[in-house]
4 protein chains.
Amino acid sequence: MVDKKINNSSDYRNSLRQFHLNLYAFGEKIENVVDHPLLKPHINAVAATYDLSNDPEFEDLANAKSHLTGRSISRFNHIHQNRDDLIKKVKMLRMLNQRTACCIQRCAGMDSANAAYSVTYEIDKKYGTKYHERFKDFLQEVQEKNLVVIGAMTDPKGDRSKPPHQQADPDLYLHVVEERKDGIVVRGAKAHLTGVTSAHYVLVFPTSSMRAEDKDYAVCFAMPVDTPGMTYIFGRQTNDLRKMEEGEIDKGNAQYAMVGGECLAVFEDVFVPWERVFMHKEYDFAGMFVERFAAAHRQNYGACKGGISDVLIGACALLAEYNGVANASHIRDKLVEMVHLTETLYSGSIACSHEGHCTASGAWETDILLANCTKQNTTRMVYEIGRLAHDIAGGLLATLPSEKDYRHPQLGKYIDKYLKGVDNIPTESRMRIFRLIEAITGGTAVVEAMHGAGPPQTQRVFMLRQANLSHKIKLAKKIAGIKDQ
Amino acid sequence: MVDKKINNSSDYRNSLRQFHLNLYAFGEKIENVVDHPLLKPHINAVAATYDLSNDPEFEDLANAKSHLTGRSISRFNHIHQNRDDLIKKVKMLRMLNQRTACCIQRCAGMDSANAAYSVTYEIDKKYGTKYHERFKDFLQEVQEKNLVVIGAMTDPKGDRSKPPHQQADPDLYLHVVEERKDGIVVRGAKAHLTGVTSAHYVLVFPTSSMRAEDKDYAVCFAMPVDTPGMTYIFGRQTNDLRKMEEGEIDKGNAQYAMVGGECLAVFEDVFVPWERVFMHKEYDFAGMFVERFAAAHRQNYGACKGGISDVLIGACALLAEYNGVANASHIRDKLVEMVHLTETLYSGSIACSHEGHCTASGAWETDILLANCTKQNTTRMVYEIGRLAHDIAGGLLATLPSEKDYRHPQLGKYIDKYLKGVDNIPTESRMRIFRLIEAITGGTAVVEAMHGAGPPQTQRVFMLRQANLSHKIKLAKKIAGIKDQ
Amino acid sequence: MVDKKINNSSDYRNSLRQFHLNLYAFGEKIENVVDHPLLKPHINAVAATYDLSNDPEFEDLANAKSHLTGRSISRFNHIHQNRDDLIKKVKMLRMLNQRTACCIQRCAGMDSANAAYSVTYEIDKKYGTKYHERFKDFLQEVQEKNLVVIGAMTDPKGDRSKPPHQQADPDLYLHVVEERKDGIVVRGAKAHLTGVTSAHYVLVFPTSSMRAEDKDYAVCFAMPVDTPGMTYIFGRQTNDLRKMEEGEIDKGNAQYAMVGGECLAVFEDVFVPWERVFMHKEYDFAGMFVERFAAAHRQNYGACKGGISDVLIGACALLAEYNGVANASHIRDKLVEMVHLTETLYSGSIACSHEGHCTASGAWETDILLANCTKQNTTRMVYEIGRLAHDIAGGLLATLPSEKDYRHPQLGKYIDKYLKGVDNIPTESRMRIFRLIEAITGGTAVVEAMHGAGPPQTQRVFMLRQANLSHKIKLAKKIAGIKDQ
Amino acid sequence: MVDKKINNSSDYRNSLRQFHLNLYAFGEKIENVVDHPLLKPHINAVAATYDLSNDPEFEDLANAKSHLTGRSISRFNHIHQNRDDLIKKVKMLRMLNQRTACCIQRCAGMDSANAAYSVTYEIDKKYGTKYHERFKDFLQEVQEKNLVVIGAMTDPKGDRSKPPHQQADPDLYLHVVEERKDGIVVRGAKAHLTGVTSAHYVLVFPTSSMRAEDKDYAVCFAMPVDTPGMTYIFGRQTNDLRKMEEGEIDKGNAQYAMVGGECLAVFEDVFVPWERVFMHKEYDFAGMFVERFAAAHRQNYGACKGGISDVLIGACALLAEYNGVANASHIRDKLVEMVHLTETLYSGSIACSHEGHCTASGAWETDILLANCTKQNTTRMVYEIGRLAHDIAGGLLATLPSEKDYRHPQLGKYIDKYLKGVDNIPTESRMRIFRLIEAITGGTAVVEAMHGAGPPQTQRVFMLRQANLSHKIKLAKKIAGIKDQ
């Protein structure tokens, strides 16, 4: 584990070299995550968050004052203390995404830490356990050393029509298989782990509400990413092999990865000491954890996707200039529509933050109904924004030759000549913008807007639960003059 | 004019009896606006705002502390002093609409007063005029007497492809036709005057930005609603004649009017004394007035339409119960969708308020981009919410017999027997809900969501202007690695 | 009953005078349906179909050659003999709606007659009954005398979660209460009867598929509209009272009614002779009747709503000219969108007709999947077309003064002056177009697009049933290379 | 060139080996197109069309009777002789796409041949030229030898705000640079050439309507794909490098390519003999050629995208089974929606075919308005269908490990265990379906639905032109009772 505070992106990269991840991609073990071309753009994204903390312009957004120590810490490791913290979280995310156009990877860690903070408080209150203090100890280490924590939530789930204990294979949800004097042993897997190759710690927590029969599945704990027994398998991404090509045009976003670098994490009888266990068998709090984490996580989507959309809008406006159609009324109208949708997404994130409230633990929580509403909008509007970008871009988006062709002595001349737009713009600039639009709107990058922080239907379940239909029925009855019943 | 403070809805109704409006509807003069069945539901809506000010539960929302006098005043007459004022305005509107499901009519007055307050300050700063003090005097009277002010903005416009001074008839935009020692004389008309039959004062202001040639059209002033030379013609509304029928079922919302009671106001050489003139020939500030008023007014739509939607959702959920289909998955899904859209609208109003800022005058203004985005959403989502309500309601929405048939001794039995839903609910309750849904979703009530606070295209113009595309282009260039130019 | 052939609209109006409907509206009995201002515009619409049959330009669309007699008959009374008949039906409907912008009322009769024709054939084949011959006798009378038949399908249904025989009141679905030597006696009601005041005959049939327990509810028969025991209660429509006003501007469509003139029909122990009974207890054919009628009826919606949309598009294009904005790019774009949606609707009607097939009886039937798909589109696109019309029209759509104000000597001058658009167009023309748009897009007129021919969810049920998912699964398996299972 | 008739897919593959394409991809020359893993899946798609011609089940769809020779030919080389041909074309495309889920590549050739056939007829009629006979000679060779012809339309266009002759580089539109005794010499480029690696002939034609100044750009001709002077650069596709990987799972559709294999074709002073020139300087017919080709090509999109959607619907339904959620109401509802949209697309193709008409040449043409409407719908609905597929699929769509991981002895066991769905289904089957959904919905595959056959705005231009607004205005005036003007 990291032994001293990480002060900048250089420290950060060095800190990762101390870990020995059991990580595979394309059937091969990756020994050096920091410099591997497949992973580097993911690590660059997190490194950007460290640089930002030291940038005076963004100091206030990127950092916060720890309520544990009073010292300045990364906002990603902060427990929100008031409404303003909720708002600043949102603004930090939009700003970061405007500068990277990629998944920042640290939100799930931040959001699950906030959920763990408030839920452990509530468990202790009911059961007299000591989870909250344990969690604060863990959190203080993270804050002080300035570490990256990621969240691990989604179990593989197997047959979705059955609860954990009824699965044909009991390991399809992660569970405790042994309780020892010094800790617990867990087995199972978590899917879609975002950012594990960029992280120091994983915070593991349940994927759904549970009943008594599933109590061994109600478990929350933290562990270093390279804990023995762990295996990580790196998921395929759209155009992932381009990351390993020379050149940078075809990558679209050469510096940063478009998605979080999700892994399948396999826990083969992994030992976790008691001081890192924050829930164990309190199945009646699994649902609360999920609800609080989900709301906090869904709060983000109008901001991070909004930030990426800002870049996409800029790319489309620029390409329209390159194509000589910047003043065409239908192009302007589509740009306005992209702006409109982007600001609608962002409004959701701001509104749910403003309407937040304080939990019993003192940690602030976003408004659950509005946060779910925000995420639901991203599952639609990000797709529509992408569709409009495709419309504006034109067909070359799908037929542009490769950078290798462009660098070829003879072909390059043809491409330079024939793929030129307006006269004064280098063809290469035009190609770069096509590739950026392709990268932002293609495949895994948009699926993230759909399924990140949970699929659309889960938001609808939460919205129905929060909608207070009976109050609305009373309002309607009063106005309709219905007095009976 | 009103000579003492209005303390409650009874005072309010009495105060209106002192005015002698030159008002027509269906070709006839209406002498008594307070008790005429066509107007009563409109006056009831404003009366509700007075009752609310005295309701301890809503005291904080409905009232504010005047920055002029330090005394408690109606929030509708308040100049927003901080972010919290912007937020409370929004919450007041949703709450009021949840309780009346109608147009409250006082927003345009509130919003134009706030615009006049800050714009007069800017005019004075540039030209050394004294409009701001004049306006404060006027405002203080309004606050102290607790009066209702409405706004008058929209000129008839004639040929929309031409500016004011090029119209075939110069009166198609309201303008100053004579400048006298004691004041000005104006001629022209304003369309869509909301709430004039419920008001004491009208605040008149320009409808668009202007150039030097149009300077006589750049005029802002206040006047009592019954100023000599004024004629008001009450517009037709969907099912307006039902208001004059006996019974209450067919009205849907028997107590409150669904729309603002819009009039065409004709100004036939109307005299306005200088102390009530707040802009005169400063054409370069017409655009600023429009922008500020429009933003303030568009801020409201997610809240007031959100409040009405709450009632509509309640009505649909109740009707689904009456029909025995409350648990059908497609019905629940449509209700969730209505909730989702409603909260998206509301999020816009909250977000633009939160992101508001202070103007030079000290008055707070909502975020212009987000406010326009909010209004734009109402022009789509209110229609979709209405469509979903029609879907849930079923065909009887369009074929239900009249209350007169229901009250008929023989027919009534048939209706009672055959239009029953689930067994334990009176048929009359079911009919009332159908009529309420009809009233909220039909005709003029939804057109208001489209054109109130300006047609959709005007919001797009503002959004494009506010979108800062050049900044977004810079973001895109940086990420795409485009260094030249 | 009518004793000789109806040759034109004058004959038609006279024929209606021979009927003595037991009809009520607003709690009063209407003795003379032909001349009552509430009903006249409905009768005008059907009269237009008679005129059309005699118009050489439309002869081929409006008439067909009877397969029973070989003589030329109204297409509305025709049994479709081939694909071309299905297509011509669709073209006749669009053309009629382009000329009336209203509900033609005769489709449900045409569609239920076609369903009855083919289903009676199938019942006879299974049970050896004689329904088909009976039905042909009835049909031949209708064809020869050139009568108007309407369909009666929708039972009141009470608690929608229960089948007919489980309703608290057994009459909530129409059923046979007595079987006599000479016929049957039925009791119950049918809702949403379109066009009964314009018709000679009603064809009554079941509203849903049924099981053995509901066999008394499986009944189909024809009867004259003025059969003893019948009571009709005329449903309220949006702005219905304007039909009784003087003048014509405010009606929007002064000559034709916007909707079908739906009634609640009460059957109080009504006797039907055996020769007019076409189904009795064959509950296993109720579902087939519904499916065939529904498909035939849903086929129409892209055509009739398409025809009305043509008028609406024309009205909006004209108003844009009157407003001086016909060349504004956003206006043109909205008109194109209206055209696009209208032609998408129409394409559905053409496609399901083209893909039709011959039933065992020899009658041709539309493609069920595509017909349901067509209707589903109208439940969305008609609303969107209306929304676009509101957008183009502008706010006067909701605030225009009444015709009475316009006819008032003093007010009229103001309205004429101030509601003028471009210079050379009379204000009255502009007012007429606003009112036409209002009439087409408001209230009951659009609810018809939602619930006519069944609510949206019923189309989804049919689409799922027709989708042949297992075939599609096979296609996917083959391409994915899945060989097992 | 091919010297004898191609009878089956084996002949076809052999025929391609005789060509020597000057083709590049990733900066390298590809010598053997038939066996190169990048191109093989594209050639397989065209090969499937040959197999189909010999399949008795599809004989009638896949073949037609030549009007030139009376012999049976591939429908792809047929000139439509009647409405039925237009319909069969559509049905052939849906069927082919259901079996390959890929771009068939031969439509643009078929559609441009039909356009050339009818337009050369019209040119000859006006100018007395001999293009039509020449074209028939060419066509007969193609039909008799059963060759593959592709179309080449889109010029690079440079600055879109300028016509061809005003471009800074005159070669940005393809043009005639020399007129010789035996033929013409052309220079320029065509973008987005679909299927050139699978073809024998290219048919080149103009990209837009033209004026006199652009007459050298008004040129249409045919040439073998390996004509001297030609260079083809193969465009990048989403996940193109996966085609070169071992294994087949990660390809999604291992046998067929998802897109057409578009190339940038550079014409460096290419000679074309007169007998293959079908337009030369008749600029006034360029617009007609574009309109006719575009309508014919847009006709296809509801069919080919409909066929792919059928596969996608099947994949989603199957995955829902694998996930144990096939009966969840929200899943079923989304499947119905996908079906609904697919059939709406298909209805457009059927309808524009049914409403087709005969041109002066005797060739049948689809309805232009409805064909454009059909294509416009694909630019929206294909995206929405894809979005729904992402929703149903779940997050693994974006995080699934690679096939190499799955084949790895240790990792494979983990993946097998943890990515299992319901108990009885092999994990590999589930992975294959995820990959198929990914392939159909990602990147270049959907951009094709947007920009193939022209970007959305071009369809709107055609729709406005075809909408006959003045007729619609007349209809509205009549109903509104406007008699003047």
- line: Between D:Ala480 and C:Ile433 the two heavy atoms that sit nearest each other are CB-CD1, 4.1 Å
- request: List for me each residue that meets salt bridge (charged side-chain N to carboxylate O under 4.0 Å, His left out) alongside C:Lys251, sequence neighbours excluded, and say none if there are none.
  value: none
query: For D:Gly348 and C:Ser347, which heavy atoms make the closest approach, and how far apart are they?
result: CA-CB, 4.1 Å
- prompt: Out of curiosity, C:Ile482 CD1 to D:Leu436 CG, how far, rounded to the nearest 0.5 Å?
  reply: 8.0 Å
message: Shorter than 4.5 Å, heavy atoms on both sides: which option in D:Leu469, D:Leu312, D:Asp333, D:Thr100 has the most such pairs with chain C?
response: D:Asp333
Proximal component of D:Gln255, with respect to chain C [non-hydrogen, under 4.5 Å]: neither
- request: Examine distances only and state if a side-chain atom of D:Arg99 and a backbone atom of C:Leu475 form a donor-acceptor pair shorter than 3.5 Å.
  value: no
- line: Of D:Ile249, D:Asn253, D:Asn377, D:Ile440, the largest count of non-hydrogen pairs under 4.5 angstrom with chain C goes to D:Asn377
task: Indicate the atoms forming the closest heavy-atom contact of C:Ala315 with D:Ala476, along with that distance.
output: N-CB, 3.4 Å
statement: With chain D, the option among C:Ala317, C:Ala467, C:Gly481 that has the most non-hydrogen atom pairs under 4.5 Å is C:Gly481
message: Quick check for you: among D:Ala351, D:Cys316, D:Ser470, which has the greatest number of heavy-atom pairs under 4.5 Å with chain C?
response: D:Ala351
- prompt: Can you check side-chain contact (heavy atoms from CB on, under 4.5 Å) on D:Ile87 and C:His354, steps first, answer last?
  reply: CA-CA 10 Å; D:Ile87 292 282; C:His354 180 88; 3.3 Å; yes
field: Value rounded to 0.5 Å, distance of CD1 in C:Ile479 from SG in D:Cys102
entry: 8.0 Å
- prompt: Hey, are the side chains of C:Leu464 and D:Arg332 touching, using non-hydrogen atoms and a 4.5 Å cut-off?
  reply: yes
statement: Under a 4.5 Å heavy-atom criterion, the part of residues 335-344 of chain C in contact with chain D comprises C:Leu335, C:Val336, C:Glu337, C:Val339, C:His340, C:Glu343, C:Thr344
query: What distance separates D:Lys477 NZ from C:Ser429 OG, expressed to the nearest 0.5 Å?
result: 7.5 Å
message: For D:Tyr256, which atoms come within 4.5 Å of any heavy atom of chain C: side chain, backbone, both, or neither?
response: neither
- line: residues 367-374 of chain C vs chain D, non-hydrogen distance cutoff under 4.5 Å, contacting residues -> C:Leu369, C:Leu370, C:Cys373
- request: Using salt bridge (charged side-chain N to carboxylate O under 4.0 Å, His left out) as the criterion, list what pairs up with D:Glu355, not counting sequence neighbours.
  value: C:Lys91
Inter-residue atom distance C:Ile313.CD1 - D:Asn468.CG, 0.5 Å rounding: 11.0 Å
